[in-house]
Amino acid sequence: MHWLVKYMNKKLIIANWKCNPATLKEAEHLFNALMGLKIKNTEVILCPPFVYLKDGFLKEGPWQFGAQDCHWENKGAFTGAVSPLMLKDLGCNYVIIGHSERRKYFKETDEMINLKIKAALKNRLIPVLCVGEESRESGEEIDKIVGEELEKDLADIPGTRIQEIVIAYEPIWAIGSGNPCSPEDTMKATLFIRSKIAKMYNRKIADKIRVIYGGSVVSNNVASYLKEMGIDGVLPGAASLNATEFINLVKNAEDL
Ligand code: PGA
């Protein structure tokens, strides 16, 4: 059985800690509190800052690990970079690539994101590609922006590898705003993403690929997304930094 098949039908919960918490002590506290997570029907991936990954692995909780970014080369003279091989070697399974904050604050281009996705795949890391529009003026804008991102970010990635990728629909206006995209609109956006993948590859691949949602997901709304057809998981940020809130979020997903 392909290693991916085991997970394919479980809902994904990818916790993006971003640049938090501020100290190792606090990170340890959070890891310890999360030991109480009960995970059976979902796949939970914690993405702490690089510097806490090692410490997290020592705790051996019921989760998997992912990173929030990686470089596209495995080693070399790239000051400050962390490579996909380093992450794989540490035991990470996932890596978030192209988050809007990386695009905005670190000037990541679609070309860089494309290289990173290819490098992650080469190292058997599952890339979680983030796409999303800045505002929501009209439906056309979403199609145009997300469509272009998908075309550029996935350029030259063969159909044989594409179903390993997770695509996160992350409308920028919904991130950290407390104003999530409605489940219905999210479902429409994920339908668009699948139709775009069907055009770029084929329908079979589009049906198989995992598409998730991120942007102000909390314990009280997680179920409304996961109930929708075609939404395969969520990517909470702030809600994953509070142990009680995150345990509730996972519980509500598990109970579906
Ligand atoms: P948020 O972040 O849940 O705090 O809105 C989500 C994200 O940026 O991935």
Side-chain angles (χ1 to χ4, degrees), residues 11-22 26-27 30 34 37 42-50 52-53 63-70 92-108 113 116-117 120 125-136 142 145-146 149-150 153 165-183 185-186 189-190 193 210-226 228 231-253:
K11 296 287 186 188
L12 270 176
I13 301 171
I14 304 183
N16 180 7
W17 288 12
K18 307 193 180 183
C19 191
N20 297 294
E26 287 170 87
L30 189 50
L34 295 177
L37 275 172
T42 61
E43 199 188 336
V44 175
I45 295 103
L46 300 188
C47 303
F50 293 131
Y52 302 143
L53 272 169
W63 50 74
Q64 301 175 66
F65 274 110
Q68 298 170 21
D69 179 41
C70 68
C92 283
N93 285 342
Y94 285 79
V95 58
I96 298 171
I97 294 177
H99 190 281
S100 58
E101 287 151 16
R102 297 231 37 107
R103 293 179 192 255
K104 182 176 170 191
Y105 300 120
F106 302 95
K107 306 283 173 270
E108 273 189 20
I113 290 163
K116 290 180 179 199
I117 295 175
L125 284 167
I126 300 176
V128 181
L129 167 65
C130 299
V131 294
E133 79 286 355
E134 188 133 17
S135 67
R136 194 168 254 261
I142 300 170
I145 291 169
V146 173
E149 283 179 329
L150 290 173
D153 299 346
I165 296 174
V166 175
I167 299 175
Y169 173 59
E170 292 227 319
I172 298 169
W173 53 270
I175 295 175
S177 66
N179 175 30
C181 185
S182 71
D185 285 345
T186 301
T190 62
I193 289 170
R210 291 179 294 176
V211 184
I212 66 174
Y213 167 71
S216 299
V217 174
V218 292
S219 61
N220 283 341
N221 64 19
V222 63
S224 62
Y225 295 102
L226 298 183
E228 293 286 348
I231 304 180
D232 300 311
V234 288
L235 204 165
S240 68
L241 290 169
N242 176 311
T244 311
E245 168 63 6
F246 188 63
I247 288 170
N248 281 336
L249 189 153
V250 172
K251 186 177 181 308
N252 290 344

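Owing to the predicted nature of the structure, the values given are computational and were not obtained by experimental measurement. Just follow the structure's listing: the first ligand is 1, and inside any ligand the first atom is 1.
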Problem set entry | Residue pair Ile212, Tyr225: steps toward the side-chain contact (heavy atoms from CB on, under 4.5 Å) verdict | CA-CA 9 Å; Ile212 66 174; Tyr225 295 102; over 6 Å; no
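With sequence neighbours left out, Tyr169 forms a side-chain hydrogen bond (donor to acceptor under 3.5 Å, both in side chains) with Glu133, Arg136.
For the 3.5 Å distance criterion, the side chains of Glu170 and His99 qualify, holding a donor opposite an acceptor.
The side chain to side chain contact (heavy atoms under 4.5 Å, CB included) test with Tyr94 is passed by exactly one of Leu46, Leu12, Leu125: Leu12. For the side chain to side chain contact (heavy atoms under 4.5 Å, CB included) with Trp63, the lone residue among Ile13, Leu34, Ile45 that qualifies is Leu34.
Sorted by first then second residue, the salt bridge (charged side-chain N to carboxylate O under 4.0 Å, His left out) pairs that include residues 238-248, not counting sequence neighbours, number zero.
The single protein non-hydrogen atom nearest to atom 5 (O) of ligand 1 is Gly176 N, 2.6 Å, given as residue, atom name and distance. The single protein non-hydrogen atom nearest to atom 2 (O) of ligand 1 is Lys18 NZ, 3.3 Å, given as residue, atom name and distance.
Within 6.0 Å of the NZ atom in Lys18, the count of heavy atoms belonging to other residues, nucleotides or ligands exceeds 12.
Atom numbering of ligand 1 starts at 1 in the shown order; those under 4.0 Å from a heavy atom of Asn16 are 9 (O). If you number the atoms of ligand 1 from 1 as listed, the ones under 4.0 Å from a heavy atom of Leu235 come out as 6 (C), 9 (O). For ligand 1, the atoms lying closer than 4.0 Å to a non-hydrogen atom of Ala238 are 1 (P), 3 (O), 4 (O). Each of the atoms 1 (P), 3 (O), 5 (O) of ligand 1 lies under 4.0 Å from some heavy atom of Ser216. Less than 4.0 angstrom separates some heavy atom of Gly215 from each of these atoms of ligand 1: 5 (O). Per-residue contacts place Pro236 under 4.0 angstrom from the following atoms of ligand 1 (heavy atoms of the residue considered): 3 (O).
Under a 4.0 Å heavy-atom criterion, Ala239 is not in contact with ligand 1.
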